[in-house]
Amino acid sequence: MAEYIIRRVLQALLVLTVMTLLVFFGVNVIGNPVYIFASSECDQACLSAIIADLGLDQPIWRQYLTFVGNLAQGDMGKSFTHGVPALHLIFERLPATLELAFAALVLALVVGLPMGIYAGLRPDGWGAKLVMSFSMVAFSLPVFWIGIIMILTFSVQLGWMPSVGRGDTVDLGFVETSLLTLDGLHHLAMPAFTLSLIMMAMVIRLARAGMREVMFTDYIKFARANGVPERRVLGAHALKNILIPIVTVLGMEFGGVIAFAVVVESIFSWPGVGKMLIDAIAVLDRPLIVAYLICVVFMFVTLNLLVDILYSLLDPRIRLGGGRA
Amino acid sequence: MSTATAPAAGSARDLTRRFLSDPGAVIALVVFTGFCIAGFGAPWIAPQNPYDLRQVDILDSLMAPGSESFTGMTYWLGTDGQGRDMLSAMLYGIRISLVVGLASGLLALAFGTVVGLIAAYRRGWVDTVLMRIVDLQLSFPTILVALILLVILGRGVDKIIFALVVVQWAYFARTVRGVALVEGARDYVEAARGLRLGGIRILLGHILPNCLPTMLVVATMQMAMAISLEATLSFLGLGLPPTRPSLGLLIANGFDYLQSGRYWISVLPGLVLLAIIISVNLLGDRLRDVLNPRL
């Protein structure tokens with residue numbers, strides 16, 4: 001067990017190192033950051049001063065080590081446009097994104113699970129066909145387009161839903177949330193639904209496939225033969241077993257959801273980190289871009305690691321089989 | 001799959017007939033071919049060249065579909081914020097979206113196939129290392145990888161194609177390796193070995209042709225995904241430069257006017273995008289049913 005965890009942690013560290021290398025060399029070596037600081041009448045002496053100030057006169061491997069050293073201390077430099085530490089900005093905006101992603105996750109489970117289970121129990125009915133068509137459409141259509149159509153329908157034409165911002169928030173002391181006000185939930189509904197579509201499609205497919213497989217197993221037959229009520233057979237025995245792959249996939253997909261939040265936040269002007277990234281790219285705020293990318297990758301790698309470790313605790317075949325399938 | 005007992009392969013004519021027996025697939029094929037003709041014929045079909053400033057009049061901006069310009073030209077699908085004819089802009093947009101989708105799909109197919117065949121042929125540690133890289137690549141969400149690459153590389157047709165190839169090749173590599181391993185264990189390969197044919201010759205002349213049906217199905221599905229992803233990234237302003245507007249960029253331009261009720265600027269290119277993605281997906285579905293590969 002310990003050996004498996006150590007191997008996975010090392011693998012995660014390797015991925016992180018590769019990603020910091022990629023992001024560092026990508027953002028700092030391609031293109032010259034000096035010209036962002038330098039004014040137009042900056043002469044050679046002034047340019048050299050800026051280069052020395054940024055540490056660009058150092059050999060490239062030393063620059064990278066400095067970058068990693070600062071990173072380990074949580075220092076990702078100051079945002080050019082905001083003038084405050086980039087990490088600070090990210091933590092300020094992250095709750096809005098996490099709230100959106102969390103709402104989408106809950107929505108995907110609450111709506112997708114019953115639909116998938118229904119489709120799995122009656123795979124030939126028209127209801128199942130409807131559910132599966134919905135899942136295919138949600139999976140293959142571009143998410144941003146669905147968001148635009150929702151804004152056009154519910155905000156512009158019908159005027160029912162707000163299409164911009166977060167609405168009223170409640171300050172919980174350490175974090176602000178729009179989950180606790182009616183106005184906030186009203187604002188959250190459309191972005192969260194848009195973001196949840198891909199996950200929902202995935203939950204539907206997994207639940208349907210799981211249901212079809214599980215219903216033919218011996219323990220379900222045995223439970224039925226023992227006179228266990230159908231409701232308990234489904235709710236306790238079948239559900240538990242189809243949930244394992246769903247939870248795993250959702251856990252691994254969460255990083256993708258955070259990345260997809262960039263799209264949804266841009267459409268609905270949701271003040272999260274994704275919107276901030278797009279704004280930062282527009283004004284070439286490099287420290288902020290680097291900080292965002294590193295944070296998302298870090299979050300993603302950590303989540304994957306946690307899912308893998310949790311999974312190996314739940315299912316001994318994984319850690320004994322060596323490596324992941 | 002309902003027709004599990006159906007033969008996996010047949011004559012080309014037989015396959016074509018089976019493919020065409022589904023009306024949905026025929027409609028999808030017609031729609032997709034129509035868009036290809038419209039897109040690649042854009043310079044000859046389009047009423048104006050929307051990126052030639054001499055032909056565009058800013059005074060004609062934001063006109064509703066069907067309006068007439070001062071010079072007597074009818075804008076059947078309206079105009080955008082810069083006075084460009086939407087029909088022409090969309091035709092050019094279709095072309096760019098299709099080129100990006102096809103080019104990235106084919107390049108990813110080529111690269112993934114080479115990697116997959118090498119892994120299946122060499123086995124052992126080469127296989128292990130290559131498949132580890134594939135696993136790692138697949139464990140990252142496509143949108144995240146594409147986002148990171150484009151933030152670093154900037155905008156451009158070549159750059160978005162590169163990013164799409166990076167996020168797609170692993171699917172092809174894994175699929176090709178899987179099929180090649182299965183095919184490699186079959187009798188005809190054994191027979192070819194018995195004839196003392198060289199390994200490379202067996203791989204390219206015998207195993208590869210038998211991987212083609214599967215590759216075709218995966219390539220179709222991946223192309224739909226690539227077009228969709230390109231549109232998403234362009235919508236965010238990360239994909240193509242404003243000088244080469246794809247459908248996604250047209251939708252993004254129109255998004256600014258959505259609140260004022262000028263829906264046509266983003267809805268029309270969006271509908272075309274949907275039609276392309278859905279038709280390619282339907283074609284892929286039908287191909288999978290007809291070719292019946294062991295995915």
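Computation of the quantities below employed the complete heavy-atom set of this structure, encompassing side-chain atoms and omitting hydrogens, waters and symmetry-equivalent molecules. Lettering follows sequence order; numbering is per chain, from 1.
At a 4.5 Å heavy-atom cutoff, B:Ile227 makes no contact with chain A through either its backbone or its side chain. For chain A, the nearby parts of B:Ala231 are the backbone and the side chain; heavy atoms of each come within less than 4.5 Å. Looking at B:Leu229, neither its backbone nor its side chain comes within 4.5 Å of chain A, counting heavy atoms on both sides. Contact of B:Val145 with chain A is not made at all, since no heavy-atom distance falls under 4.5 Å. Contact of B:Leu238 with chain A is made through the side chain alone, with heavy-atom distances under 4.5 Å. For B:Leu271, the parts sitting under 4.5 Å from any heavy atom of chain A are the backbone and the side chain alike. Of the two parts of B:Leu144, the backbone and the side chain both hold a non-hydrogen atom closer than 4.5 Å to a non-hydrogen atom of chain A. If you measure heavy-atom distances from A:Val263 to chain B, the contacts under 4.5 Å come from both the backbone and the side chain. Residue contact with chain B, scored on non-hydrogen atoms closer than 4.5 Å, involves the backbone and the side chain of A:Ile148 alike. For A:Val297, the part lying near chain B is the side chain, with the backbone staying farther off; criterion is any non-hydrogen pair under 4.5 Å.
In terms of modelled atom types and a separation under 3.5 Å, the side chain of A:Arg208 and the main chain of A:Gly120 share no donor-acceptor contact. Between the A:Ser155 side chain and the A:Leu152 main chain, no donor and acceptor come within less than 3.5 Å of each other. B:Arg155 places a side-chain N or O within 3.5 Å of a backbone atom of B:Gly237 that can act as its donor or acceptor partner. In this structure, the side chain of B:Ser228 does not engage the main chain of B:Ala224 through any donor-acceptor pair within 3.5 Å. No donor-acceptor pair under 3.5 Å is formed between the side chain of B:Gln222 and the backbone N or O of B:Val218. Between the side chain of A:Ser266 and the backbone N or O of A:Val262, at least one donor-acceptor pair lies under 3.5 Å. Judged by distance alone, the side chain of A:Glu265 and the main-chain N or O of A:Gly274 form a donor-acceptor pair under 3.5 Å.
Between chain B and the residues A:Ile258, A:Val15, A:Leu141, A:Ile267, the largest count of heavy-atom pairs under 4.5 Å involves A:Ile267. The choice from B:Leu274, B:Ile148, B:Leu147 that makes the most heavy-atom pairs within less than 4.5 Å of chain A is B:Leu274.
A centroid separation of less than 6.0 Å is found between the aromatic rings of B:Phe255 and B:Phe235.
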